[in-house]
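First comes the structure, then the notes that go with it.
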Amino acid sequence: VAVTTLLPRTISTLHVSGCLVAHKLAHLTSLETLIVNRDISVNRLELPASLKHCHLLCAKWLDWERMATLPPLLTLALRRGVLPAAVAALPCSLQSLDLTATNGLRVAGVSFAHLAALHHVAVAGTGITNAVLATLPAGVLTLDVSNCQRLTPDVTFHHLGALVALRANGTSVSDETLMTGMPPSVVLLGIGCCRNVTAAATCAVLPALRQLDVSKTAVGVDMLTSLPVGLRDLDVSYCSNIDATARLSHLPNLRAISCSVTGISDTTIASCPPTLRYLRADGCRALTDALDLAHLPELAALDVTSSSIGDGMLGRLPLSLQRLELAGTKLTPAAALPPLPRLTCIIAYRTAVGATFLASLPPTVAHLNVEWCCNMRVSDAVAAWQSLVDSDTLDRLAECRVCDGDCPPRVAAMLKVRGVCFGSSSSHTCAAPFPTLLRPEWRRRVDDPFAPWIDDDVCSDDAKDAQP
């Protein structure tokens, strides 16, 4: 971007999606927001005094020792860069600071104590230490230290008395941290993949907790029983100590739960409150065809992929369902959906469903995945496909995923004419997506660097050096 000298001085926002090769921006005297998505090929920048929000998302070539005095920034995102020991150069006006995957935070003497106005901090994937963390001001509201390998089991966040959201996935946070190192103000807590969190861990000292991710840890039923009544979102996926004895009836406000690949039972689900809207229980082999969901009148999204449910469970689905995932279950050729007036997304690949299932599809369906369903090729299924088209039942279909030959050529041709995409459609969004906390595909957004979670493979060299 060598044309920056041609830009009008009156612009307030500059978003560079490619590489930035110009370093003189001081003449843009009205510029308030600068976003650079890719590399900065110069080692210094001259920024205008008017700048308030600066997002440098790949700043590894930037030499902060050669930077002029920074303007009174409110927001600074310096990702994949190198921060010198002289952090004192950061302006005291900063309210949001994102140093994701930035090197230099393990250097002795690094301190954030002078940043009294700081409210939002992301240092995920860095080499930050307990000592440096302790210098953060007490007014910090949100903090992301995910994958910071130099934090030790005795790390504490208790000095952050205003902390509302803490993301510490993949760190050394321990049972002791949860008991004595957390301020009671925490509302959102993410400690997934923390190996020092054991079956004895509880959240008894966190009365304000509303969202909790303890996935891929050793927590057990003691954690569940300790949860506050106000909890809304819970992720205990891949927690092997969560078994059939787990109960959730003491959580009357529970909105979403992910318990993938755990030992939860039909009785566990029966204990869920009627407020539940999202249930992700894929890989839960203990769930059987006796599963009854009729007591969940608000359930919008259900994932029971690779469980032991069968045809009988379908008859006990709530009318509120919008998204239904049944792949790899024990459904038979006789499986049929009950009337589900809001259902728009159906995923049933690698099952034995056939003509009866097709005939039961509601006219609201927009996304259908029946790949690797061998009974889709029998003559009855071919007739069912044709009947669906002739009756205009598939008028709202936007995406259809079937194996080659499973959908009759004439039907496929008619659906393509109507704009149906065969395969994965990037333009189609399924109804009732699972909340960010419960989705396996965690990604960051440029417009909100503190919203979703950091990818596990984004770490600074300091953090990677500390990995065992």
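Computed over heavy atoms, backbone and side chain alike; hydrogens, waters and symmetry mates excluded. Counting from 1, the numbers follow the sequence of the chain as shown. Owing to the predicted nature of the structure, the values given are computational and were not obtained by experimental measurement.
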Could you check whether any side-chain heavy atom of R247 comes within less than 4.5 Å of a side-chain heavy atom of T267, counting everything from C-beta outward? yes
Applying side-chain contact (heavy atoms from CB on, under 4.5 Å), run through V140 and F112 and close with a yes or a no. CA-CA 11 Å; V140 170; F112 297 102; over 6 Å; no
Of all heavy-atom pairs between C400 and W385, which one has the smallest distance, and what is that distance? SG-CH2, 4.0 Å
We want to know whether E399 and H367 form a side-chain donor-acceptor pair, criterion being a heavy-atom distance below 3.5 angstrom. yes
Would the distance check show the side chain of R150 and the main-chain N or O of C148 forming a donor-acceptor pair, the cut-off being under 3.5 Å? no
First locate atom SG of C421, then atom CG of L415, and finally report the distance between them rounded to the nearest 0.5 Å. 11.5 Å
How close do N241 and A199 get, counting heavy atoms only, and between which atoms? ND2-CB, 3.8 Å
Mind running side-chain contact (heavy atoms from CB on, under 4.5 Å) on L331 and I309 for me, showing each step along the way? CA-CA 7 Å; L331 296 177; I309 67 101; 4.3 Å; yes
For a side-chain contact (heavy atoms from CB on, under 4.5 Å) check, start with the C-alpha distance between L287 and I264, then their side-chain angles and the critical distance, and finish with the verdict. CA-CA 7 Å; L287 295 181; I264 60 127; 3.9 Å; yes
Any non-hydrogen side-chain atom of W372 less than 4.5 Å from a side-chain atom of C403? yes
Measure across G170 and C194 and return the closest heavy-atom pair with its distance rounded to 0.1 Å. N-SG, 3.9 Å
Looking at C203, is its backbone amide N or carbonyl O close enough to the side chain of S226 to form a donor-acceptor pair, meaning the two atoms are under 3.5 Å apart? yes
Below 4.5 Å, heavy atoms only, C-beta onward: do P333 and T356 meet side chain to side chain? no
Taking atom types as modelled, find out whether N253 and T275 have a side-chain donor-acceptor pair closer than 3.5 angstrom. no
Has D144 got a side-chain atom pairing as donor or acceptor with A124's backbone, closer than 3.5 angstrom? no
Would you say the side chain of L234 lies within less than 4.5 Å of the side chain of L224, judging by non-hydrogen atoms? yes
If you measure from OG1 on T135 to CG on N130, what distance do you get to the nearest 0.5 Å? 11.5 Å
Can you confirm whether P184 sits close enough to P207 that some side-chain heavy atom of one is under 4.5 Å from a side-chain heavy atom of the other? yes
Strictly distance-based, threshold 3.5 Å: is any side-chain N or O of D175 a donor or acceptor partner for the main-chain N or O of T198? yes
Please examine the side chains of N375 and V353, heavy atoms only from C-beta on, and report whether any two atoms are closer than 4.5 Å. no
Does this structure show an ion pair linking R418 with D395, if we count only N-O contacts that are shorter than 4.0 Å? yes
Within the side chain of N196, is there an N or O that forms a donor-acceptor pair under 3.5 Å with the backbone of S174? no
Got F157 and V145 here, is their nearest side-chain heavy-atom distance under 4.5 Å? yes
With rounding to the nearest 0.5 Å, note down the distance linking CG in D266 to OG1 in T288. 3.5 Å
Polar side chain donor-acceptor pair, H15 to N37, under 3.5 angstrom: yes
Please find the pair of heavy atoms, one from A412 and one from C407, that lie closest to each other, and give the distance. N-SG, 3.9 Å
For a quick test of reading the model, state the closest non-hydrogen atom pair linking I191 to V197 and the distance between them. CD1-CG2, 4.2 Å
Check: N169 side chain, G192 main-chain N or O, donor-acceptor pair, under 3.5 Å: yes
Which heavy-atom pair separates S172 from T152 by the least distance, and what is that distance? CB-C, 3.7 Å
Begin from the C-alpha positions of D282 and S306 and carry the test side chain to side chain donor-acceptor pair (under 3.5 Å) through to its verdict. CA-CA 6 Å; D282 53 303; S306 300; over 6 Å; no
Give the C-alpha distance, both sets of side-chain angles, the deciding distance and a yes or no for side-chain contact (heavy atoms from CB on, under 4.5 Å) between L326 and M313. CA-CA 11 Å; L326 303 164; M313 188 277 290; 4.2 Å; yes
Once rounded to the nearest 0.5 Å, what's the spacing between atom CZ of R167 and atom CD of Q211? 8.5 Å
For the side chain to side chain contact (heavy atoms under 4.5 Å, CB included) test, which of V389, V382, L388 pairs with V411? V389
Please report the interatomic distance OG1(T364) to CZ(R396), rounded to the nearest 0.5 Å. 6.5 Å
Check for a donor-acceptor pair, side chain of R342 on one end and backbone N or O of L319 on the other, with a separation under 3.5 Å. no
Check whether any side-chain heavy atom of L394 lies under 4.5 Å from a side-chain heavy atom of L368, and answer yes or no. no
Strictly below 4.0 Å, N to O, side chains only: are R255 and D233 in salt-bridge contact? yes
For S271 and T268, test the side chains for any donor-to-acceptor distance below 3.5 angstrom and give the result as yes or no. no
Under a 3.5 Å distance rule, please check whether H250 uses its side chain to pair with a backbone N or O of V229 as donor and acceptor. no
Sub-3.5 Å donor-acceptor pair from the side chain of R79 to the main-chain atoms of D98, do we have one? no
Separation of L296 CG from I269 CD1 (nearest 0.5 Å): 8.0 Å
Side-chain (T262) to main-chain (S237) donor-acceptor, under 3.5 angstrom: no
Between T75 and H53, is there a side-chain donor-acceptor contact under 3.5 Å, judged purely by atom types and distance? yes
